[in-house]
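Just so it is clear: chains get the letters A, B, ... in the order the sequence lines come, proteins before strands, and each one is counted from 1.
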2 protein chains.
Amino acid sequence: MVNKEEYRRRIILTASKIFSHYGFRKTTMDEISRALKKGKSSIYYYFSSKEEIFEAVVLHEANQLRARLTTAIKEVDSPPEKLRNYIYVRMKEFAKLSNYYNAVFDKNLDHYEFIEKIRARYDREELAILRLLVYVGNNRGVFDVEDSEYTAMAIQTMLKGMEVPLFWRKREVDINQRLEAILSLIFNGILRK
Amino acid sequence: MVNKEEYRRRIILTASKIFSHYGFRKTTMDEISRALKKGKSSIYYYFSSKEEIFEAVVLHEANQLRARLTTAIKEVDSPPEKLRNYIYVRMKEFAKLSNYYNAVFDKNLDHYEFIEKIRARYDREELAILRLLVYVGNNRGVFDVEDSEYTAMAIQTMLKGMEVPLFWRKREVDINQRLEAILSLIFNGILRK
DNA sequence: TTAAGATGGAACAAACAGGTCGGAAATTCG
DNA sequence: CGAATTTCCGACCTGTTTGTTCCATCTTAA
């Protein structure tokens with residue numbers, strides 16, 4: 001193998017699929033190595049533990065999510081549309097990136113420090129984006145809020161509410177309607193009358 | 001619990017979902033009991049082993065499959081249409097009943113005796129149905145075959161070919177086209193010219 | 001040929017998972 | 001109500017699994 005980084009990437013992609021199907025706990029190093037057609041111990045040349053692989057996988061998905069959210073925001077110009085795109089894409093992607101999702105919600109993973117770090121980091125970044133969106137909208141006179149920071153936090157709280165598994169236990173159509181309702185709520189409480 | 005049978009059924013339904021997601025091996029008695037909100041040892045009051053639960057689950061799915069195939073055949077009258085319905089429904093249902101599917105194809109389950117029994121029984125029953133279909137069609141003068149038994153076996157062989165995982169690694173549309181092609185092949189080799 | 005980069009077989013300690021057992025709780029019945 | 005029977009479960013046992021380490025062995029490039 002000429003390029004070590006390249007092989008790490010391959011491990012991440014392969015492990016990602018297995019993790020997303022069986023979860024962290026039920027995925028064994030043996031499966032990962034078999035999927036890669038390598039000896040189990042060989043994996044340890046690239047990663048020092050199963051945890052470290054999972055960490056890389058989750059980070060990978062987090063990066064994907066970030067990238068897609070960024071483009072979603074850039075696609076449109078007006079702050080309300082940016083916000084709408086952000087929320088929409090965030091919801092759709094969250095459902096797809098199952099490892100990241102599990103990392104954030106699986107109570108059995110609570111004690112892993114790196115999970116906490118990723119959770120915290122994502123929270124911080126998201127808040128920054130929302131704050132900026134609100135702030136810009138406010139400056140342009142489209143929004144009308146007292147404090148960008150706290151408004152952003154309020155929106156984030158609402159987004160977190162959409163993350164909990166119960167929210168998804170509904171039909172697809174219903175989900176879209178609920179999304180529209182949520183957006184409408186945010187906007188009507190935010191838009192200048 | 002007034003009715004022991006009723007509770008067994010509930011265990012089967014719950015275990016079925018977990019088995020279908022994680023497979024026989026990765027599903028633990030602990031999970032099953034947790035999903036049922038019962039103590040692990042309580043399950044052993046209803047089933048004497050994990051294997052026995054899986055056996056019941058697979059049998060349950062096999063019965064479902066049989067029931068649907070039966071109605072599918074009864075829905076139409078002419079032998080060619082019966083055959084067409086049979087094959088069509090069999091394909092669609094097979095994809096859904098994942099425990100049954102795994103029981104039939106997972107090489108890791110090869111050494112379980114009850115799996116062998118279920119496989120053998122299903123084979124026998126299917127052959128009987130096909131034989132009858134061919135026989136009746138022949139009698140009515142719609143089909144034209146020498147030996148119903150061997151023709152039925154030939155058709156069954158073809159159906160088995162559609163079961164192997166590779167067959168499904170295609171897009172839905174493609175699947176339908178292939179199905180049509182298979183049907184057309186069977187009929188054109190079978191129908192009186 | 002040698003040294004550094006990769007690989008995988010074998011071994012191991014710790015965790016896990018299927019199953020048992022004795023008896024507690026709940027329910028039924030007289 | 002109380003005894004009998006059904007249902008449930010916590011604690012435990014035991015063989016297996018699994019993450020990880022070690023080290024001998026290949027492979028590659030200089």
Side-chain angles (χ1 to χ4, degrees), chain A residues 1-19 21-58 99 102-103 106-115, chain B residues 1-19 21-58 99 102-103 106-115:
Chain A
M1 206 55 47
V2 203
N3 191 347
K4 201 166 171 177
E5 259 325 298
E6 167 58 27
Y7 206 79
R8 279 176 59 99
R9 201 177 340 252
R10 224 199 292 177
I11 292 177
I12 291 172
L13 292 183
T14 302
S16 172
K17 288 178 203 152
I18 310 180
F19 278 135
H21 189 110
Y22 294 112
F24 177 71
R25 191 130 183 288
K26 289 192 182 222
T27 298
T28 72
M29 291 298 278
D30 207 68
E31 284 175 299
I32 296 176
S33 63
R34 248 184 294 132
L36 288 159
K37 295 190 202 326
K38 284 281 156 63
K40 187 169 54 157
S41 28
S42 300
I43 311 292
Y44 286 86
Y45 182 71
Y46 300 94
F47 290 92
S48 69
S49 69
K50 182 179 164 186
E51 253 185 68
E52 203 181 290
I53 298 179
F54 188 62
E55 183 173 352
V57 164
V58 172
N99 290 306
N102 286 333
D106 193 336
K107 290 288 173 204
N108 294 327
L109 295 173
D110 267 351
H111 44 284
Y112 289 110
E113 200 197 357
F114 73 89
I115 296 285
Chain B
M1 206 54 48
V2 204
N3 193 346
K4 201 164 171 178
E5 260 322 302
E6 167 58 27
Y7 206 80
R8 279 175 61 99
R9 198 175 340 233
R10 223 196 295 173
I11 293 178
I12 291 171
L13 292 182
T14 302
S16 172
K17 289 179 201 150
I18 310 180
F19 278 135
H21 190 122
Y22 295 113
F24 177 70
R25 193 126 182 291
K26 288 195 183 220
T27 297
T28 71
M29 291 298 278
D30 209 66
E31 283 175 300
I32 296 176
S33 63
R34 250 183 293 132
L36 287 159
K37 296 186 202 324
K38 284 281 157 65
K40 184 173 59 160
S41 21
S42 302
I43 311 294
Y44 286 88
Y45 180 69
Y46 299 95
F47 290 93
S48 69
S49 70
K50 182 180 164 185
E51 255 186 67
E52 204 181 289
I53 298 179
F54 189 62
E55 184 173 351
V57 164
V58 172
N99 289 306
N102 286 333
D106 192 337
K107 290 286 175 206
N108 294 327
L109 295 173
D110 267 351
H111 42 284
Y112 289 109
E113 199 197 356
F114 73 91
I115 296 284

- Message: What is the separation between atom CG on N3(A) and atom P on dG5(C), rounded to the nearest whole Å?
- Response: 14 Å

- Interatomic distance, K38(B) NZ vs dA25(C) P [rounded to whole Å]: 17 Å

- Message: Using a 4.0 Å heavy-atom cut-off, does S33(A) contact any base of the nucleic acid, only the sugar-phosphate backbone, or nothing at all?
- Response: nothing

- Message: If I compare all heavy atoms of F47(A) with all of E52(A), which pair ends up nearest, and what's the gap?
- Response: CD2-OE2, 3.7 Å

- Query: What is the distance from CD1 of I43(A) to P of dG8(C), rounded to the nearest Å?
  - Reply: 9 Å

- Using a distance-only test with no angle check, is there a side-chain donor-acceptor pair under 3.5 angstrom linking Y7(A) and K38(A)? yes

- Message: At 4.0 Å (heavy atoms only), tell me whether S41(A) reaches a base, stays on the sugar-phosphate, or touches nothing.
- Response: base

- Between the base of dG9(C) and the side chain of K40(A), is there any donor-acceptor pair under 3.5 Å? no

- Item | N/O (side chain, Y46(A)) to phosphate O (OP1/OP2, dT7(C)) under 4.0 Å | yes

- Ranking dG19(D), dT7(C), dA17(C) by distance to the side chain of K50(A), first place goes to dG19(D)

- Query: Can a side chain N or O of S42(A) be found less than 4.0 Å away from OP1 or OP2 on dG8(C)?
  - Reply: yes

- Query: Are E31(A) and R34(A) within salt-bridge range, i.e. N to O under 4.0 Å?
  - Reply: no

- Query: Angle class for the F19(A)/F24(A) ring planes (parallel below 30°, perpendicular above 60°, tilted otherwise)?
  - Reply: parallel

- Task: Can you tell me the distance, in whole Å, between the OH atom of Y45(A) and the P atom of dT27(D)?
- Result: 16 Å

- Message: Quick one, M29(A) and Y44(A) - any side-chain contact, counting heavy atoms below 4.5 Å?
- Response: yes

- Should R25(B) be listed as having a side-chain N or O under 4.0 Å from OP1 or OP2 of dA17(C)? no

- Query: Within the pair Y44(A) and dT20(D), is there a side-chain N or O less than 4.0 Å away from OP1 or OP2?
  - Reply: yes

- Query: Could you give the CZ-to-P distance, from R10(B) to dT7(D), as a whole number of Å?
  - Reply: 13 Å

- Query: With a 3.5 Å cut-off and just heavy-atom distances, do the side chain of K4(A) and the base of dG5(C) make a donor-acceptor pair?
  - Reply: no

- Starting from P on dT20(D), measure out to CD on E31(A) and report it in whole angstrom. 15 Å

- D30(B) CG - dC9(D) P separation (whole Å): 12 Å

- Query: E52(B) CD to dG19(C) C1': how many Å, rounded?
  - Reply: 13 Å

